[in-house]
Amino acid sequence: MKTHYGQLTIDEVREADKDRVVILSVSATEDHGSHMPLDTDTVLGMAVAEGAAKLAPEDILVMPPIPYGFNEHHKDFPGVIWIEPETLIAFITDVTKSLAHHGFRRILLLNSHGSNHPVLDLAARKTVIQSEVLCVSCSYWNLISKEINEIRKSELGGIAHAGEFEASIYMHLHPDLVDLSKATRQIAHNPGSKFFNLDLAGGGGKAMLMRWWSSVSEDGTMGDPTVATAENGKLFLDAAINATVELVREIRALPLLPRKDHH
């Protein structure tokens, strides 16, 4: 069974099970220090989506990724490609409206770049309003905070941007493209803070402040990639894939509730 949307023919789209969950991975092209490539978010997000599709091919179709995101705050570092949030929301909702036009009823916007999270949330909400289909958004690491904390070697603050989590998964996927000899430990998390959290698996911040990245990071990283291992990368990735499959099956089981105008 084909799981890549782009590999379908027009006849296969016409005849497809329209309740399969279509996963659109949205990421970024940006700095990940000197030890990791610019395409980290895209590679990791697609590994999660494609891994989930391999486990549940009857439930999932994977779209080609959107490899650019809302990340202008990173532009002081070389290589960053940034998209205005309004442009990105419009682009994503054009994709989801197209899918709805062809009859697909269940869409998952799978985020793999932190600052895309509010953008994808709004895009999902707009999709529901405009197209009256089910559209869910999530950042894949938020599905597995418990598992991340069971696997990790780094202290709180070690998993933020190009830290242990991302470096480990990329090492598992493409060990030749990660050079830990160039990695540095950049722990910016303040354990005394009640409201701000600078760790992806730290339980979630109660307030959000996104500064210019160059004001808080010397090399474009935040966290501790020095303790990353390919073995733990596989554990992180497997956990994310399994959780995504669980989420997809919940989405597939959700009822399509009729809209009711109470005027």
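The analysis underlying the following values was restricted to heavy atoms, covering all of them including side chains, and did not include hydrogens, waters or symmetry mates.
- For NZ of Lys146, the number of neighbouring non-hydrogen atoms (other residues, nucleotides, ligands) closer than 6.0 Å is 12 at most.
- A side-chain donor from one of Glu50 and His4 sits under 3.5 Å from a side-chain acceptor of the other.
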Side chain to side chain contact (heavy atoms under 4.5 Å, CB included) between Tyr140 and Ile241, worked out: CA-CA 9 Å; Tyr140 70 85; Ile241 288 170; over 6 Å; no
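- Under a 3.5 Å cut-off, the side chain of Ser215 and the backbone N or O of Trp212 do form a donor-acceptor pair.
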Could you check Glu58 against Arg20 for salt bridge (Lys or Arg N to Asp or Glu O under 4.0 Å), going step by step and ending with a plain yes or no? CA-CA 7 Å; Glu58 70 284 355; Arg20 287 171 78 180; over 6 Å; no
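- Remark: the Asp219 side chain and the His35 side chain contain no N/O donor-acceptor pair separated by less than 3.5 Å.
- Under 3.5 Å, the side chains of Asn111 and Ser139 contain a donor-acceptor pair of N or O atoms.
- Arg152 has a carboxylate O that lies under 4.0 Å from a charged side-chain N of Asp199, or vice versa, which qualifies the two as a salt bridge.
- Defined by atom type and a distance below 3.5 Å, a donor-acceptor pair is present between the side-chain atoms of Asp39 and Tyr170.
- Atom NZ of Lys126 has 12 or fewer heavy atoms from other residues, nucleotides or ligands within 6.0 Å.
- When only modelled atom types and interatomic distance are considered, His172 and Glu231 share no side-chain donor-acceptor pair under 3.5 Å.
- Following chains of ILVMFWY side-chain contacts shorter than 4.5 Å, one cannot reach Leu120 starting from Val62, and the two form parts of different hydrophobic clusters.
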Start with the C-alpha gap between Lys75 and Asp31, add the side-chain angles, then the distance that decides, and say whether salt bridge (Lys or Arg N to Asp or Glu O under 4.0 Å) holds. CA-CA 9 Å; Lys75 71 180 182 181; Asp31 53 298; over 6 Å; no
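- Aromatic ring centres of His74 and His161 lie closer together than 6.0 Å.
- Counting heavy atoms of neighbouring residues, nucleotides and ligands inside a 6.0 Å radius, atom CD of Glu218 does not exceed 12 of them.
- Side chain of Asp121 to main chain of His117: no donor-acceptor pair is present (N/O by atom type, distance under 3.5 Å, no hydrogens or angles).
- Taking CG of Leu256 as the reference point, atom CG of Asp19 lies at 6.0 Å (rounded to 0.5 Å).
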Given the rule in the side-chain hydrogen bond (donor to acceptor under 3.5 Å, both in side chains) test, do Asp76 and Ser214 qualify, once you have shown the distances and angles that lead to the verdict? CA-CA 6 Å; Asp76 290 333; Ser214 60; 2.6 Å; yes
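- The pair Asp59-Arg249 counts as a salt bridge, with a side-chain nitrogen and a carboxylate oxygen less than 4.0 angstrom apart.
- Residue Leu143 holds its CG atom at 5.5 Å from OG1 of Thr244, rounded to the nearest 0.5 Å.
- A donor-acceptor pair is defined here as one N or O able to donate and one able to accept, closer than 3.5 Å; such a pair exists between the side chain of Glu12 and the backbone of Thr9.
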